[in-house]
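Each chain gets a letter, A, B and so on, in the order its sequence line appears, and its residues count up from 1. Values in this document were obtained by computation on a predicted structure and should not be read as measured data.
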Protein chains: 2
Amino acid sequence: MATTTAAQRREEARVAYDAFLRGCPTNQLLDRLSDKWVSLVVAALSDGPRRYSDLRRKIAGVSPKMLTQTLRALERDGILSRAVTPSVPVRVDYELTPLGRSLAGLLTAVKDWAEEHIEEVHAARERYEALEAQAAQAG
Amino acid sequence: MATTTAAQRREEARVAYDAFLRGCPTNQLLDRLSDKWVSLVVAALSDGPRRYSDLRRKIAGVSPKMLTQTLRALERDGILSRAVTPSVPVRVDYELTPLGRSLAGLLTAVKDWAEEHIEEVHAARERYEALEAQAAQAG
DNA sequence: CTGCATCCGACAGGATACTG
DNA sequence: CAGTATCCTGTCGGATGCAG
């Protein structure tokens, strides 16, 4: 009964930080990153600091609510920094932290992949729908 | 009136495939990828084919509904393939396509980043909350 | 075993209006 | 300009039951 103990312990340790486990912190972080607005905000900031309204313009279709919410969450997690200039009117700049910049590369890679392979995906989609229609007729 | 035409055309072409634009196909694809279950499924398949119930076990907390839904969407988009073996009981294997494998690298990179930097994020979170409490007291 | 159909609650998130 | 507050709707997604 002791033969697998060591292996089991190792397995458990490995699994402890495995993103697949529910409620695990890494999983939560992955959740946070798997957010539409997060990708877009990080990508928008990847080539330099931007002001709030600047971001709002750049990220078409984002509501002030979601933008603020996303920015706050990312600030909280140390992905970006928020700098307020108390002029009139107020001016707020957002900028990626070093941590954020290390992430930005990965996310823009995904974004670039999407732009590169969109055609392939469309082709696959049409193929799938063609087969589906065919199956419906045969059935 | 013609001085900026060429530049404008270029700009429009660039913008046409910009993931920031709403309703743009690339944006839609980015949406699809920014799904919690998508990351997990792709990651789970990144080291070989798996059966349905195998995936269900590996991805803790996924309901059959969401798993099937995610698998169908990814199959439709040509990210993975579905192979039915008409035995009794039925056996279904899922496997990444070449397209899917090219994506898997990127997504697991993000997952690895999450596992690597979770501590930093936690530290940032605590720092943020400390400042927040301080501000609340000062106010 | 591998799903699909249905119901239903929770909550994400858009629109709008207002404030420092 | 940079948000906050409120309302309200859609839809994501869990639970359950059933079928091939």
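- Looking at B:Thr68 and B:Tyr52, their side chains come closer than 4.5 Å, going by heavy atoms from C-beta outward.
- Taken over five-pair windows at either terminus, the axes of the helix from C:dC1-D:dG20 to C:dG20-D:dC1 are inclined to one another by 50° (rounded to 10 degrees).
- Mapping B:Val90 and A:Lys36 onto DNA chain C by nearest heavy atom places B:Val90 at the nucleotide closer to the 5' end.
- Closest to the side chain of B:Trp37, out of D:dG13, C:dG14, C:dG3, is D:dG13.
- A salt bridge links A:Arg76 and B:Glu129; the closest N-O separation between the charged side-chain nitrogens and carboxylate oxygens is under 4.0 Å.
- Considering only residues two or more places apart in sequence or on other chains, A:Arg101 meets the salt bridge (charged side-chain N to carboxylate O under 4.0 Å, His left out) condition with none of them.
- With contacts defined as side-chain heavy-atom distances shorter than 4.5 Å, the pair A:Glu75/A:Leu71 does not qualify.
- Atom pair A:Arg72:CZ and D:dA2:P shows a separation of 12 Å (rounding to whole Å applied).
- Under 4.0 angstrom from either OP1 or OP2 of C:dT2 there lies no side-chain N or O belonging to B:Arg57.
- We find that CD of B:Glu75 is positioned 15 Å from C1' of C:dC4, with the value rounded to whole Å.
- In this entry the distance linking CZ of B:Arg91 with C1' of D:dG20 reads 19 Å, nearest Å.
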Carefully, step by step, assess B:Trp113 and A:Leu99 under the rule side-chain contact (heavy atoms from CB on, under 4.5 Å).
CA-CA 10 Å; B:Trp113 185 95; A:Leu99 182 63; 3.6 Å; yes

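- For A:Asp31 and C:dA12, the CG to C1' distance is 13 Å, given to the nearest whole Å.
- Residues A:Asp93 and A:Arg50 are not paired through a salt bridge, judged by the lack of any N-O separation under 4.0 Å between the basic side chain and the carboxylate.
- Donor-acceptor pairing under 3.5 Å is recorded for the side chains of B:His117 and B:Glu120.
- Using a 4.0 Å cut-off on heavy atoms, the residues of residues 63-71 of chain A that approach DNA chain C are A:Ser63, A:Lys65, A:Met66, listed by number.
- Atom C1' of nucleotide D:dC1 and atom OH of A:Tyr52 are separated by 10 Å, given to the nearest angstrom.
- Between B:Tyr94 and C:dG3 there is a side-chain polar atom (N or O) within less than 4.0 angstrom of OP1 or OP2.
- As a whole-Å value, the separation of A:Arg56 CZ from C:dA15 P is 11 Å.
- Counting any heavy atom pair closer than 4.0 Å across all strands shown, A:Arg82 reaches sugar-phosphate atoms only and no base atom.
- Counting to the nearest Å, the P atom of D:dC1 and the CZ atom of A:Arg50 are 15 Å from each other.
- Between B:Leu107 and B:Ser39 the shortest heavy-atom distance is CD1-CA, 4.2 Å.
- Look at CG on B:Asp35: it is 10 Å from C1' on D:dC12, rounded to the nearest Å.
- Residue contacts shown for A:Arg51 are limited to sugar-phosphate atoms, with no base heavy atom under 4.0 Å away.
- Between B:Arg56 and B:Asp54, none of the side-chain N atoms (NZ, or NE/NH1/NH2) sits under 4.0 Å from a carboxylate O, so this pair counts as no salt bridge.
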